[in-house]
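Remember, it's 1-based here, ligands and their atoms both numbered in the order they're listed. Treat the numbers as computed from the prediction; the structure is a model and nothing was measured.
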Amino acid sequence: MGNCQINKRNIEHKIMKKRVLSGIQPTGSIHIGNYLGAMKHWVASQDKFDNIFCIVDLHSITVPQETGELRKKTRELAGLLLAIGIDPELSVVFVQSHVKEHTELTWILNCVTPLGWLQRMTQYKDKSARHEIISTGLLDYPVLMAADILIYESDYVPVGEDQKQHVELARDIAQRFNSMYGDVFVIPEPVIPRVGARIMGLDDPTCKMSKSETGQGHALYLLDSPDEIRMKIKRATTDSHRDILFNESRPGINNLLTIYELFSGKSRSEIEAHFQGKGYGVLKEELAELVIEGLKPLQERYREITADPAYLESMLKKGADKVRPIAEGVLRRVKDRIGLG
Ligand code: ATP
Ligand code: LTN
């Protein structure tokens with residue numbers, strides 16, 4: 001591509017709305033950590049940006065999945081994204097495996113990514129320690145994520161704290177490619193919320209709430225019933241102190257208070273004043289009712305939306321058809337630069 005074309009593209013890029021891209025795995029069930037750390041923010045900024053949300057089923061298969069289950073969870077997640085307020089008029093929702101260019105770009109990016117960069121990733125180190133057989137895909141997971149981001153010339157990537165390192169890696173890969181072959185990729189920026197970027201497990205507040213953790217009392221799922229929510233919060237691990245204060249060195253109570261803060265919209269000082277002189281039992285009861293009420297509208301919308309599976313199917317197809325030309329264009333430029341084809 002000539003310099004003139006690059007400049008034209010960069011100028012067009014600047015005058016259009018900035019692009020937001022994020023991804024979420026259709027594995028397990030969506031929990032309030034996913035919601036408070038990432039999905040809620042996608043909804044809040046929808047009208048300001050050009051948004052693409054990707055259901056990353058190819059990331060899910062980095063650990064073994066059951067065939068029927070993966071397909072079911074993919075549709076369930078699409079329904080949940082609409083239920084929390086993602087508007088298909090403002091945002092594209094699609095399934096990663098429906099746009100094959102992601103995997104082709106992954107291979108190319110693999111060839112410019114030093115192995116050491118992947119071996120250093122915290123999530124890889126944690127997950128590989130937990131599985132007996134580790135797929136090559138688990139190691140390569142961040143390169144596929146970099147391809148998801150770079151193939152749409154994304155400006156912003158809103159994620160929870162645990163994914164910051166992967167977005168930074170995507171930046172490094174983009175910069176390395178650009179310096180080897182000339183500017184092709186837009187350099188993306190991670191966007192991490194100030195509060196809620198790392199919601200902790202209820203059973204063990206020293207570990208982040210995670211989809212792949214299967215313990216009964218670990219996570220609050222968006223589709224949990226009121227009784228499940230009450231029971232899990234009641235059993236949540238706290239400590240032997242009495243006062244109810246935000247304090248990072250007391251992870252159990254700090255986590256419950258952070259969830260309270262985000263569901264109530266109240267300030268920290270208001271919350272501490274409200275609970276002054278009260279016990280942990282009161283906090284847990286009030287928090288459970290707050291979460292139940294907070295999730296109710298989205299659970300109702302979810303039931304309405306999923307009553308029409310054909311609608312969801314057509315939305316996902318339209319989504320993929322809309323973004324595919326962008327992916328094809330970027331991949332063509334990349335291949336051109338390298339001399340492929
Ligand atoms: P797993 O732990 O099995 O890898 P996950 O729960 O992290 O899965 P993802 O689909 O990988 O789920 O993450 C989707 C989004 O939710 C990402 O932006 C991630 O950073 C965010 N997220 C995940 N867990 C939390 C959490 N505990 N607190 C805040 N944000 C989170
Ligand atoms: N690895 C991410 C999911 C993900 C993603 C992305 C997030 C895949 N591709 C692109 C942002 C942008 C995770 O949350 N585990």
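With a 4.0 Å cut-off on non-hydrogen atoms, E213 does not touch ligand 1 at all. Contacts between H31 and ligand 1, counted as non-hydrogen atom pairs separated by less than 4.0 Å, involve the side chain only. Residue-level proximity to ligand 2 for I149 is carried by the side chain, the only part with a heavy atom below 4.0 angstrom. Contacts between A197 and ligand 1 below 4.0 angstrom, taking non-hydrogen atoms only, involve the backbone exclusively. Residue contacts with ligand 1, taken as heavy atom pairs separated by less than 4.0 Å, involve S212 via backbone and side-chain atoms alike. Of the heavy atoms in V159, only side-chain atoms (C-beta onward) come closer than 4.0 Å to ligand 2. Counting heavy atoms under 4.0 Å from ligand 2, residue Q96 does not touch it at all.
Between K335 and E104, at least one side-chain nitrogen of the basic residue sits less than 4.0 Å from a carboxylate oxygen of the acidic one, meeting the salt-bridge criterion. Look at R268 and E261 and you find a salt bridge, because one of the NZ, NE, NH1 or NH2 atoms lies within 4.0 Å of a carboxylate O, short of that distance. Between E300 and R303 there is no salt bridge, since none of the side-chain N atoms of the basic residue sits less than 4.0 Å from a carboxylate O of the acidic one. Between R230 and E285, no side-chain nitrogen of the basic residue sits less than 4.0 Å from a carboxylate oxygen of the acidic one, so the salt-bridge criterion is not met. Between D155 and R19, no side-chain nitrogen of the basic residue sits less than 4.0 Å from a carboxylate oxygen of the acidic one, so the salt-bridge criterion is not met. With salt bridges taken as basic N to acidic carboxylate O contacts below 4.0 Å, none links D321 and K318. In this structure, K100 does not pair ionically with E328, as no charged nitrogen and carboxylate oxygen lie closer than 4.0 Å. Between E228 and K232 no salt bridge is recorded (no basic side-chain N to carboxylate O distance below 4.0 Å).
The aromatic rings of H59 and Y141 lie perpendicular to each other, with more than 60° between the two planes, well past the 30° mark. Using cut-offs of 30° and 60° for the angle between ring planes, the F263 and Y35 rings count as tilted.
Here is the list of ligand 1 atoms found below 4.0 Å of a heavy atom in I24: 10 (O), 14 (C). For ligand 2, the atoms closer than 4.0 angstrom to any heavy atom of Y141 are 1 (N), 2 (C), 13 (C), 15 (N). Near S210, meaning under 4.0 Å from one of its heavy atoms, ligand 1 places the atoms 1 (P), 2 (O), 3 (O), 6 (O). Against a heavy-atom cut-off of under 4.0 Å, Q25 is close to the following atoms of ligand 2: 15 (N). Close contacts of ligand 2 with L21, meaning ligand atoms under 4.0 Å from a residue heavy atom, involve 10 (C), 12 (C). Using a 4.0 Å cut-off to heavy atoms of G37, the atoms of ligand 1 that qualify are 29 (C), 30 (N). Close contacts of ligand 1 with R198, meaning ligand atoms under 4.0 Å from a residue heavy atom, involve 28 (N), 29 (C). Interface atoms of ligand 2 facing V157, defined by a heavy-atom separation under 4.0 Å, are 11 (C), 12 (C).
Between the choices K208, M209, K164, the shortest heavy-atom distance to atom 7 (O) of ligand 1 belongs to K208. Comparing V159, D162, N255 by heavy-atom distance to atom 19 (C) of ligand 1, the nearest is D162. Of the candidates Q123, H41, K127, K211, it is K127 that places a heavy atom closest to atom 4 (O) of ligand 1. Nearest residue to atom 13 (O) of ligand 1 from V56, T62, N34 is N34 (criterion: closest heavy atom).
The closest approach between G196 and ligand 1 falls below 4.0 Å for a heavy atom of the residue. Heavy atoms of M39 come nearer than 4.0 angstrom to ligand 1 in no pair at all.
Summary of contacts: the protein heavy atom closest to atom 30 (N) of ligand 1 is G33 O, 3.1 Å.
Under the 3.5 Å distance criterion, with hydrogens and angles disregarded, no donor-acceptor pair is assigned to the side chains of D87 and Q46.
The local environment of CZ in R242 is sparse, with at most 12 non-hydrogen atoms from other residues, nucleotides or ligands closer than 6.0 Å. Heavy atoms from other residues, nucleotides or ligands lying under 6.0 Å from NZ of K234 number 12 at most. Within a 6.0 Å radius of CD in Q175, more than 12 heavy atoms belonging to other residues, nucleotides or ligands are found.
Taking any N or O of S22, backbone or side chain, none lies under 3.5 Å from an N or O belonging to ligand 2. Distances between N or O atoms of D148 and those of ligand 2 include at least one value under 3.5 Å. Every N/O-N/O distance between P158 and ligand 1 stays at or above 3.5 Å.
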Verdict with reasoning, S97 to D57, per side-chain hydrogen bond (donor to acceptor under 3.5 Å, both in side chains):
CA-CA 7 Å; S97 65; D57 53 350; 2.5 Å; yes

